[in-house]
Amino acid sequence: MKRTLMLPLVLLGLAGVFTPGCRSEADVLPEAGVPGTVLPANFPAPVYGPNENPPTREAFELGRSLFYDPRLSRNGTVSCGSCHQQFVAFANAGHDVSHGIDGRTGTRNAPALQNLRWRRGFMWDGGPNHLEVMPLAPITNPVEMDETVENVVGKLNADATYRRRFQVVFGKQPIDSYQLLRALAQFTAALTSANSRYDHFVRREAGGTLSEPELRGRAALQQKCAGCHATDLFTDESFRNNGLNRTFPADSGRMHITQLATDRGRFKVPSLRNVALTAPYMHDARFQTLLQVLDHYDHGLVESATLDPVFRQRAGQPGISLTAQEKSDLLAFLHTLTDEAFLADKRLAEQP
């Protein structure tokens, strides 16, 4: 994503989107046919719980149709699924930075979309702060979908099939922006990746055996990386400067949103889940391999005023000391975070 937009919710008629549901999580039962409705036992409590937008099969399928519909873009050529492809954990295969409408290119690597129920901020800079407003950024971004919410809603209301499906889900017409974003959130909230070999290991399930190198890699990650890649989500949801640049002239990161100098060069800590498949790495896609990433943390960090203190814990050169053996073991462990079931779940794929 090139940038994100902070849009007034009142102007979009979305003031009701964020009203918490009156039901507890225990009252929301798993919906047949809807992935992600069972919260993983090894995950922390979600930020966007099922009670806030109770899953139904009809709403999930409507959200899936919208996610893959290029009519959400100005000229009908780019969908959400264009930049977020299931077989690479809904990242963007084959591109370093996002490619949008009319062949325009952004400046950032499209992030993987997974476990979004647990996110407190979205995109590399955290501009959208709620799952239901996340789509506004790509839809309105001039180098991505270059459209307005008003026009998208107009297109949906002109389609008899969409009118009927929205009526089934929301019980009223015409379609409005609130319904559009709630329906999209039904699909994006379902993108739960929690069935990797690692998950089976920690939950003591069948198929959860880890080799000695993988176990050593897990121990190395817990010792040296868990400050940022925390919990079984493998991210602490923070924004950090990890030493990619001295002044960040091309992209100031979180500062783009907050306008605070202390946020210059700080970017969202990505999850390590499915990381073996989501190359290239970093917000600007500068690294093509995970070994290059580990080498960066070992000896490639650049000093700057906002460099995160976690990288200043050794004398001399900032970074995290990693031996060749530790790198090898870490690479072995990171591959255990690949969730083949998530990547192949036909319910998440574009439907004919």
Side-chain angles (χ1 to χ4, degrees), residues 1-9 11-14 62-114 116 122-128 130-159 161-162 175-177 179-185 187-188 191 250-253 256-257 267-268 278-280 282-286 348-352:
M1 306 290 178
K2 181 184 178 184
R3 62 185 178 89
T4 53
L5 301 177
M6 301 289 281
L7 300 175
L9 301 180
L11 296 180
L12 295 168
L14 301 175
L62 175 58
R64 179 179 61 201
S65 295
L66 293 167
F67 184 87
Y68 288 109
D69 195 335
R71 284 179 289 180
L72 270 63
S73 66
R74 172 175 51 78
N75 63 2
T77 61
V78 178
S79 71
C80 302
S82 298
C83 289
H84 299 284
Q85 299 157 304
Q86 183 182 5
F87 72 98
V88 286
F90 292 93
N92 196 3
H95 290 302
D96 50 356
V97 294
S98 59
H99 285 57
I101 200 166
D102 298 330
R104 300 171 188 173
T105 57
T107 59
R108 291 180 180 171
N109 179 17
L113 300 182
Q114 53 187 339
L116 302 181
F122 300 86
M123 315 299 185
W124 285 103
D125 55 22
H130 194 284
L131 183 62
E132 290 175 11
V133 299
M134 179 179 67
L136 295 176
I139 288 173
T140 59
N141 192 314
V143 302
E144 295 188 46
M145 302 172 87
D146 195 28
E147 187 53 290
T148 68
V149 175
E150 180 181 11
N151 285 346
V152 171
V153 169
K155 295 175 191 178
L156 298 177
N157 277 302
D159 186 304
T161 300
Y162 267 132
I175 301 165
D176 58 27
S177 56
Q179 297 172 14
L180 165 66
L181 296 177
R182 291 278 281 187
L184 276 168
F187 180 75
T188 53
L191 301 178
D251 191 339
S252 63
H256 173 74
I257 300 300
F267 294 88
K268 187 68 175 284
T278 58
M282 306 300 168
H283 73 279
D284 56 4
R286 67 175 59 193
L348 302 176
E350 184 173 8
Q351 304 299 298

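Both backbone and side-chain heavy atoms feed into the values below; hydrogens, waters and symmetry mates do not. This one's a predicted model, so the numbers in the text were calculated from it and none came from an experiment.
Inspection of the Asn109 and Asn92 side chains reveals no N or O donor paired with an N or O acceptor under 3.5 Å.
Closest non-hydrogen pair, Met145 versus Ile101, comes out as O-CD1, 3.6 Å. Considering all non-hydrogen atoms of both residues, Cys80 and Leu72 come closest at SG-CD2, 4.5 Å. Of all non-hydrogen atoms in Ala91 and Thr278, the two that sit nearest each other are CB-CG2, 4.1 Å. Contact between Asp159 and Thr161 at its shortest, heavy atoms only, is OD1-N, 2.8 Å. Nearest heavy atom pair, residue Ala89 against residue Gln114, reads CB-OE1, 4.1 Å. Between Gly106 and Val97, the closest heavy-atom pair is O-CG2, 3.4 Å.
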Between Lys155 and Glu147, is the side chain to side chain contact (heavy atoms under 4.5 Å, CB included) condition met? List the steps.
CA-CA 11 Å; Lys155 295 175 191 178; Glu147 187 53 290; 2.8 Å; yes
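Remark: Asn141 CG to Arg104 CZ distance equals 9.5 Å, nearest 0.5 Å. Taking CG of Leu184 as the reference point, atom CZ of Phe67 lies at 8.5 Å (rounded to 0.5 Å). Atom CG of residue Asn157 and atom CD1 of residue Ile175 lie 4.5 Å apart, to the nearest 0.5 angstrom. Note that OG1 of Thr107 and CH2 of Trp124 are 12.0 Å apart. Values are rounded to the nearest 0.5 Å.
At least one side-chain heavy atom of Leu62 sits under 4.5 Å from a side-chain heavy atom of Tyr162. Two residues are said to be in side-chain contact when any heavy atoms from C-beta on lie closer than 4.5 Å; Val152 and Leu180 meet this criterion. Taking 4.5 Å as the limit, every side-chain heavy atom of Thr105 sits out of range of all side-chain heavy atoms of Val143. You'll find the side chain of Leu116 reaches within 4.5 Å of the side chain of Thr188, heavy atoms only. Here the side chains of Val78 and Pro70 are not in contact, with every heavy-atom distance at 4.5 Å or above. When side chains are defined from C-beta on, Met123 counts as touching Pro138, because their heavy atoms get closer than 4.5 Å. For the pair Asp146 and Ile139, the minimum side-chain heavy-atom distance is 4.5 Å or more. Side-chain atoms of Asn151 and Arg74, non-hydrogen and from C-beta on, never get closer than 4.5 Å to each other.
Counting only distance, with no hydrogens or angles, the side chain of Gln85 and the backbone of Cys83 share no donor-acceptor pair below 3.5 Å. Of the possible donor and acceptor atoms, none in the side chain of Arg108 sits under 3.5 Å from a partner among the backbone N and O of Ser98. Proximity of a side-chain donor or acceptor of His84 to a complementary backbone N or O of Ser82 within less than 3.5 Å is not detected.
Between Arg286 and Asp96 there is no salt bridge, since no side-chain N of the basic residue sits under 4.0 Å from a carboxylate O of the acidic one. A salt bridge does not link Asp125 to Lys268: none of the charged side-chain nitrogens sits closer than 4.0 Å to a carboxylate oxygen.
Note on ring orientation: taking the six-membered ring where Trp is involved, the planes of His283 and Phe267 are parallel (angle under 30°, cut-offs 30° and 60°). By the 30° and 60° cut-offs, the orientation of the rings of Tyr68 relative to Phe187 is perpendicular.
Residues satisfying the salt bridge (charged side-chain N to carboxylate O under 4.0 Å, His left out) criterion with Asp69, sequence neighbours excluded, are Arg71.
Crowding of Glu150 atom CD: a count of heavy atoms from other residues, nucleotides or ligands under 6.0 Å not exceeding 12.
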